[in-house]
Asker: 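Sharing a structure here in structure tokens format.
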Amino acid sequence: MTISFARRQVFHLFLIKPSHYDDEGYVIQWLRSSIPANTLAALYGLALDCAERRVLGADVELRITVWDETNTRIRPARIIRQIRAAGGRGLVGLVGVQTNQFPRAVDIARPLRAAGIQVCVGGFHVSGCISMLPDVPPELQEAIDLGISLFAGEVEGRLEDLLLAASRNMLQPLYNFMKDLPGLEGVPVPFLPLDIVRRTGATRTSFDAGRGCPFLCSFCTIINVQGRKSRSRSADDVEKIVRANLMQGVHNFFITDDNLARNQNWEAIFDRLIRMREEEGQHVNIVAQVDTMSHKVRGFIEKAGRAGVNRVFIGLENINPDSLKGAKKGQNQISEYRAMLQAWHCAGALTYAGYILGFPGDTPASIERDIGIIQRELPIDLLEFFILTPLPGSEDHKKLYLAEVEMEPDMNKYDVVHVTTRHPTMSDAELLGIYRRAWDLYYSPEHVETVLRRAKVWGYDPRNMMMKLLLFHAVPRLERVHPLEGGLFRRKFRRDRRPGMPLEGRFAFYGRYVWEIVSKHLRFAGMYSQYRRTLGRVLRDTAPYMDTAMTAVQDQEFQTLEIYSGTRGSTSVVEKLRRRSAARAKLPAVASAKPG
Ligand code: B12
Ligand code: SF4
């Protein structure tokens with residue numbers, strides 16, 4: 001026994017999900033971040049399987065460390081020490097690296113490479129660029145020149161070979177599996193240990209039940225990276241994920257599929273979850289992402305509710321048909337929005353809708369008008385705004401790249417809250433200005449009150465709703481980041497500043513940091529007390545409540561609602577509705593004309 005231990009070698013595998021820099025060059029990091037990264041869970045699940053199978057040899061222990069930089073400080077010097085102590089055997093995997101995180105990933109890799117440590121970077125930036133661009137863009141080439149290995153494509157079924165190559169110091173500069181997307185049935189499932197899950201706000205973990213989406217949106221990277229065909233996990237695999245988490249006390253899940261309604265296996269998965277909940281009494285809550293036609297998938301919403309889906313993210317994107325058409329998002333029909341949102345409320349789910357600003361026809365005034373229409377006519381609870389961004393991997397980006405149109409060269413800014421390319425009519429400052437104002441416009445005291453009143457009618461706890469509204473409003477306003485990138489208590493380290501930006505003196509840095517903490521908390525307290533007052537009013541009021549957004553869809557509503565008269569490009573939609581309504585009006589006459 002002693003002899004075998006003495007002989008055992010250790011191979012370190014560090015799996016790190018990098019964050020990115022704020023506008024002052026400090027890493028965006030929190031005491032508790034918002035949602036655990038599924039990419040980290042996917043890689044950890046695959047690595048655990050490799051460790052259990054001892055893929056590097058019977059006498060080699062694969063020691064896995066998993067960190068998310070949005071809640072954990074990364075110290076390259078410590079990694080170097082640990083790998084050196086293991087005789088130099090190790091690999092640092094920078095995982096799920098999005099475009100905005102690519103510069104930070106390379107900055108983490110730089111000292112590691114200088115110390116001769118092997119580094120491999122995967123995720124949407126590498127995959128998106130390799131999938132769509134005719135050549136390797138400069139930032140990827142720079143990484144390759146630093147000796148960083150780039151991985152394009154999905155690593156299911158491939159991690160073993162990668163680890164073996166790393167154990168022989170023979171990583172390739174670029175792996176390209178973009179044309180060979182793996183099946184997901186039966187592969188080791190995503191998993192994160194409890195201590196990692198606990199570093200996020202709620203005890204919630206995430207997993208993907210499938211990948212791929214059939215639609216064609218031009219701003220989307222997903223279809224060009226994960227494909228348009230649904231590849232899904234089996235109901236057995238999903239049950240395995242859920243049970244493994246229930247065992248560690250995690251009952252809340254974020255299913256990261258961009259569009260769960262288009263997962264070919266949704267019904268088998270929901271049936272399994274329904275059985276666990278209804279027959280075994282398991283406590284499972286799910287947040288899912290769906291499309292605006294999800295109510296047309298027979299049985300989907302009803303079963304989702306029974307399977308535990310109590311919050312849905314919906315890619316509403318815009319209410320102007322011309323913008324939707326321009327972005328090839330023809331599947332989004334404004335005439336279906338109200339029916340779809342109401343169906344989710346009836347199933348007991350709270351609705352989050354994503355709204356993109358910066359389509360060619362948008363102006364500050366039109367955006368302001370659209371937000372007003374949404375507030376009055378669509379039963380959305382939380383609205384989140386994004387700036388239309390040519391994300392590498394998307395058709396939009398490819399077109400601009402090939403046409404050599406000027407785009408923001410700093411990848412750190414591709415976080416959908418910065419302006420990265422010119423808008424036809426708005427200046428960068430105008431677009432950024434209306435983006436920032438959009439949050440205040442939507443989360444106005446009057447509208448917060450309306451959403452709380454609706455929540456009360458729909459049976460959603462208004463206190464809980466108030467906190468969600470407050471957080472979605474406070475994070476962009478106080479922290480200047482998107483709520484999905486937010487967290488609890490901002491951490492900043494003086495030395496973790498972006499290379500090229502000056503290292504601040506201790507006095508200046510800590511003085512400002514303390515002032516920021518105090519002032520942000522005071523402003524938060526001010527917002528909190530305003531939200532509390534609104535909540536108090538809503539709770540005290542016992543009168544019944546009803547408004548346009550909550551009113552059931554009416555046949556003739558295209559004649560009265562502003563979503564049909566005030567938006568761009570809605571004439572053809574109204575025409576279609578008019579024809580449909582006329583045809584319906586004729587039906588009884590035809591029926592009664594039949595003999596007998
Ligand atoms: C869940 C999710 C989140 C979660 C968690 C992030 C995560 N990665 O899990 C949250 C809510 C935090 C989030 C936030 C944001 N997100 Co997000 N998110 C997603 C989503 C829907 C799923 C991610 C996922 O789990 N995919 C499945 C995994 C398994 O795929 P994968 O990451 O590509 O990993 C595979 C391969 O790339 C490879 N691989 C990955 N890493 C490595 C490393 C090594 C060493 C190797 C060998 C292989 C390898 O193997 C993996 C397994 O097959 C994706 C869309 C999508 N379909 O992926 C968007 C997506 C990744 N997000 C995106 C964006 C823009 C953001 C935000 C900036 C938006 C915002 N302002 O809110 C923020 C950034 C904040 C942050 N800190 O991450 C974009 C990125 C596009 C791009 N070119 O950069 C995507 C693609 C969506 C889109 N709009 O196009 N997101
Ligand atoms: S519906 Fe969503 S995931 Fe599908 S192509 Fe459009 S943006 Fe991409």
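Remember, it's 1-based here, ligands and their atoms both numbered in the order they're listed. Computed from a predicted model, the values in this text were never measured in an experiment.
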Asker: Report the part of D258 in contact with ligand 1, treating N, CA, C, O as backbone and CB onward as side chain, heavy atoms under 4.0 Å; options are side chain, backbone, both, neither.
Answerer: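 Answer for D258: side chain.
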Asker: Output the list of atoms in ligand 2 that are nearer than 4.0 Å to some heavy atom of Q331, sorted by atom number.
Answerer: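 That gives atoms 1 (S), 6 (Fe) of ligand 2.
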Asker: Assess G153 for proximity to ligand 1: is some non-hydrogen atom of it under 4.0 Å away?
Answerer: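 Yes, G153 has a heavy atom closer than 4.0 Å to ligand 1.
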Asker: Does ligand 1 have any atom that is closer than 4.0 Å to a heavy atom of G128?
Answerer: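 Judged by the 4.0 Å heavy-atom criterion, G128 does not count as contacting ligand 1.
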Asker: What residue and heavy atom of the protein are closest to atom 29 (C) of ligand 1, and at what distance?
Answerer: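 Looking at atom 29 (C) of ligand 1, the protein heavy atom closest to it is R211 NH2, 3.4 Å.
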Asker: Is the closest heavy-atom distance from G123 to ligand 1 below 4.0 Å?
Answerer: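 Yes; G123 lies near enough to ligand 1 that a heavy-atom distance drops under 4.0 Å.
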Asker: Report the part of T70 (side chain from C-beta onward, or backbone N, CA, C, O) that has a heavy atom under 4.0 Å from ligand 1; answer both or neither where that applies.
Answerer: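 Near ligand 1, T70 shows its side chain, while the N, CA, C and O stay back.
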Asker: Nearest to atom 9 (O) of ligand 1 by heavy atom, N38, L94, D257: which?
Answerer: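 Closest candidate by heavy-atom distance is N38.
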Asker: In terms of atom number and element, which parts of ligand 1 are under 4.0 angstrom from non-hydrogen atoms of N100?
Answerer: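 In order of numbering, the contacting atoms are 68 (C).
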Asker: Could you measure the distance from the CD1 atom of I374 to the CD1 atom of I380? Nearest 0.5 Å is fine.
Answerer: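 Spacing of CD1 (I374) from CD1 (I380) equals 5.5 Å.
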Asker: With a 3.5 Å distance limit and no angle check, can you tell me whether S294 reaches the backbone of D291 through a side-chain donor-acceptor pair?
Answerer: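 Indeed, once roles are kept as given, a pair shorter than 3.5 Å links the two residues.
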Asker: Provide, to 0.1 Å, the distance between atom 11 (C) of ligand 1 and the closest protein heavy atom, together with that atom's residue and name.
Answerer: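 Result for atom 11 (C) of ligand 1: I35 CD1, 3.8 Å.
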Asker: Parallel, tilted or perpendicular: which describes the rings of W67 and F14, with under 30° parallel and over 60° perpendicular?
Answerer: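 Ring orientation of W67 relative to F14: tilted.
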Asker: Does an N or O from Q101, backbone or side chain, lie closer than 3.5 Å to an N or O of ligand 1?
Answerer: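 N/O-N/O distance below 3.5 Å exists for this pair.
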Asker: Give me the residue, atom name and distance of the protein heavy atom closest to atom 87 (C) of ligand 1.
Answerer: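 It is I222 CD1, 4.0 Å.
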Asker: Any idea which protein heavy atom is nearest atom 6 (Fe) of ligand 2, and the distance to it?
Answerer: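 The closest one turns out to be C217 SG, 2.3 Å.
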Asker: Do any nitrogen or oxygen atoms of D415 lie less than 3.5 angstrom from nitrogen or oxygen atoms of ligand 1?
Answerer: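 Yes: some nitrogen or oxygen of D415 is under 3.5 Å from one in ligand 1.
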Asker: Using atom types as modelled and distance alone, determine if a side-chain donor or acceptor of N71 lies under 3.5 Å from a backbone N or O of R199.
Answerer: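 Yes, the answer is positive, given that a donor and an acceptor are paired below the 3.5 Å cut-off.
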Asker: Decide whether the shortest distance between a heavy atom of E485 and an atom of ligand 1 is less than 4.0 Å.
Answerer: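 Yes; E485 lies near enough to ligand 1 that a heavy-atom distance drops under 4.0 Å.
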Asker: Can you sort out which atoms of ligand 1 are near G93, meaning under 4.0 Å from one of its heavy atoms?
Answerer: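 Contacts of ligand 1 toward G93, numbered from 1: 45 (C).
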Asker: For ligand 1, find out whether one of its N or O atoms is nearer than 3.5 Å to an N or O atom of G96.
Answerer: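 Yes, since at least one N or O of G96 sits under 3.5 Å from an N or O of ligand 1.
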Asker: Applying the ring pair (Phe, Tyr, Trp, His ring centres under 6.0 Å) criterion to H482, which one of F385, W439, F472 satisfies it?
Answerer: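 It is W439; the other options fail the test.
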Asker: Please determine whether side-chain hydrogen bond (donor to acceptor under 3.5 Å, both in side chains) holds for the pair D396 and S218, giving the CA-CA distance in whole Å, both sets of side-chain angles, and the decisive distance to 0.1 Å.
Answerer: CA-CA 6 Å; D396 285 352; S218 67; 2.9 Å; yes
Asker: Looking only at heavy atoms, what is the nearest atom pair of V197 and T200, with distance?
Answerer: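 Looking at all heavy atoms of both residues, the shortest contact is O-OG1, 2.5 Å.
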Asker: Atoms of ligand 1 less than 4.0 Å from E156 heavy atoms?
Answerer: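 Close to E156: 52 (C), 53 (O).
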Asker: Measuring from the heavy atoms of E384, does anything fall under 4.0 Å of ligand 1?
Answerer: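 Distance cut 4.0 Å: E384 fails for ligand 1.
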Asker: I need the atoms of ligand 2 closer than 4.0 Å to a non-hydrogen atom of D258, numbered in the order shown.
Answerer: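 Going through ligand 2 atom by atom, the ones under 4.0 Å from D258 are 3 (S).
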Asker: Can you confirm whether something in the protein, heavy atoms only, sits under 4.0 Å from atom 2 (C) of ligand 1?
Answerer: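 Under the 4.0 Å cut-off, atom 2 (C) of ligand 1 has no protein heavy-atom neighbours at all.
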Asker: Would you say atom 47 (C) of ligand 1 makes contact with the protein, given that contact here means a non-hydrogen protein atom less than 4.0 Å away?
Answerer: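 True for atom 47 (C) of ligand 1.
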Asker: Evaluate the criterion ring pair (Phe, Tyr, Trp, His ring centres under 6.0 Å) for residue pair F489 and W30; output intermediate values, then yes/no.
Answerer: CA-CA 5 Å; F489 197 86; W30 312 91; 9.1 Å; no
Asker: Please report which non-hydrogen protein atom sits nearest to atom 82 (C) of ligand 1, along with the residue it belongs to and the distance in Å to one decimal place.
Answerer: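 For atom 82 (C) of ligand 1, the nearest protein heavy atom comes out as T99 OG1, 3.5 Å.
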Asker: Specify the protein heavy atom at minimum distance from atom 85 (C) of ligand 1: its residue, its atom name, and the distance to 0.1 Å.
Answerer: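 Looking only at protein heavy atoms, the one closest to atom 85 (C) of ligand 1 is T221 OG1, 4.4 Å.
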Asker: Number the atoms of ligand 1 from 1 as they appear, then name those within less than 4.0 Å of a heavy atom of P392, with their elements.
Answerer: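 By the 4.0 Å cutoff, the relevant atoms are 83 (N).
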Asker: Looking only at distances, please establish whether an N/O atom of ligand 1 is found under 3.5 Å from an N/O atom of T39.
Answerer: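 Between T39 and ligand 1, an N or O pair is found under 3.5 Å apart.
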Asker: Quick check: does C120 get an N/O under 3.5 Å from an N/O on ligand 1?
Answerer: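 Not met; the criterion fails.
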Asker: Of the options R490, R480, R104, K413, which is the one that meets D22 in a salt bridge (charged side-chain N to carboxylate O under 4.0 Å, His left out)?
Answerer: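 Exactly one candidate clears the test, R490.
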Asker: Between K468 and D381, does at least one N-O distance fall below 4.0 Å, as a salt bridge requires?
Answerer: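 Between D381 and K468 there is no salt bridge, as every charged N stays at least 4.0 Å from the carboxylate O atoms.
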Asker: Give me the atom names and distance for the closest heavy-atom approach of T99 to Y414.
Answerer: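 So the minimum-distance heavy-atom pair works out to CG2-CB, 3.6 Å.
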Asker: Hey, is R477 close enough to D440 for a salt bridge, meaning N to O under 4.0 Å?
Answerer: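 Yes, this pair counts.
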Asker: For atom 10 (C) of ligand 1, find the nearest protein heavy atom and state the residue, atom name and distance (0.1 Å precision).
Answerer: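 Answer for atom 10 (C) of ligand 1: L484 O, 4.6 Å.
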Asker: Any N/O/S atom, side chain or main chain, of C213 closer to atom 6 (Fe) of ligand 2 than 2.8 Å?
Answerer: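 Within the cut-off used here (under 2.8 Å), C213 places no N, O or S atom near atom 6 (Fe) of ligand 2.
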Asker: Would you mind checking which non-hydrogen protein atom is closest to atom 8 (Fe) of ligand 2, with the distance to 0.1 Å?
Answerer: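 Here the nearest protein heavy atom works out to C220 SG, 2.3 Å.
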Asker: Please could you name the atoms of ligand 1 that V416 approaches to less than 4.0 Å, counting only its heavy atoms?
Answerer: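 This gives 69 (C), 70 (C), 71 (N) as the contact atoms.
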Asker: With the threshold set at under 4.0 angstrom, would you say F124 reaches ligand 1 through any of its heavy atoms?
Answerer: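 It does, in that a heavy atom of F124 comes within the 4.0 Å cut-off of ligand 1.
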Asker: Any salt bridge linking K325 with D322? Criterion: basic side-chain nitrogen under 4.0 Å from a carboxylate oxygen.
Answerer: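 Salt bridge between K325 and D322, a charged N being under 4.0 Å from a carboxylate O: no.
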Asker: Under the 3.5 angstrom rule, does the side chain of N265 hit a backbone N or O of S232 as a donor-acceptor pair?
Answerer: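 A pair under 3.5 Å: no.
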Asker: Just jot down the ligand 1 atoms closer than 4.0 angstrom to any heavy atom of A37, in number order.
Answerer: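 Listed by number with element: 7 (C), 9 (O).
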Asker: So, does K17 sit close enough to ligand 1 that a heavy atom of it is under 4.0 Å from the ligand?
Answerer: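 Yes; K17 lies near enough to ligand 1 that a heavy-atom distance drops under 4.0 Å.
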Asker: Are R53 and D49 ion-paired here, with the side-chain N under 4.0 Å from a carboxylate O?
Answerer: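 Salt bridge present between R53 and D49.
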Asker: Whether E156 and R231 form a salt bridge (side-chain N of Lys/Arg under 4.0 Å from carboxylate O of Asp/Glu) is what I want to check.
Answerer: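 Salt bridge: no.
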Asker: Do any N or O atoms from the side chain of R113 and from the backbone of L146 form a donor-acceptor pair under 3.5 angstrom?
Answerer: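 Yes; judged by distance alone, with no hydrogens or angles, the pair exists.
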Asker: Using a 4.0 Å cut-off to any heavy atom of K329, which atoms of ligand 2 qualify?
Answerer: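 Going through ligand 2 atom by atom, the ones under 4.0 Å from K329 are 1 (S), 2 (Fe), 6 (Fe), 7 (S).
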Asker: Strictly distance-based, threshold 3.5 Å: is any side-chain N or O of R158 a donor or acceptor partner for the main-chain N or O of E154?
Answerer: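 Yes: the side chain of R158 pairs with the backbone of E154.
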Asker: Answer yes or no on whether R498 is positioned over the face of Y26, meaning its NZ or CZ is under 6.0 Å from the six-membered ring centre and within 45° of the axis.
Answerer: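 Pair R498/Y26 does not count as cation-pi.
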Asker: Just distances here: any N/O of Q226 and N/O of ligand 1 closer than 3.5 Å?
Answerer: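 N/O-N/O distance under 3.5 Å: yes.
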Asker: Relative to atom 65 (C) of ligand 1, which among E69, Q289, Q98, H418 owns the nearest non-hydrogen atom?
Answerer: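 The option holding the nearest heavy atom is Q98.
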Asker: Distance to the ring centre below 6.0 angstrom and angle to the axis at most 45 degrees; does that hold for R228 and F215?
Answerer: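 Negative - R228 is either too far from the ring of F215 or too far off its axis.
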Asker: Less than 3.5 Å between some nitrogen or oxygen of E154 and one of ligand 1, yes or no?
Answerer: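 N/O-N/O distance below 3.5 Å does not exist for this pair.
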Asker: State the atoms of ligand 1, each with its element, that fall below the 4.0 Å cut-off from a heavy-atom position in L162.
Answerer: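 In order of numbering, the contacting atoms are 47 (C).
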Asker: Could you tell me whether some N/O pair between F254 and ligand 1 is separated by less than 3.5 angstrom?
Answerer: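 No; every N/O pair is 3.5 Å or more apart.
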Asker: Give the residue and atom name of whichever protein heavy atom lies nearest to atom 42 (C) of ligand 1, and the separation in Å to one decimal.
Answerer: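 Answer for atom 42 (C) of ligand 1: G122 CA, 3.4 Å.
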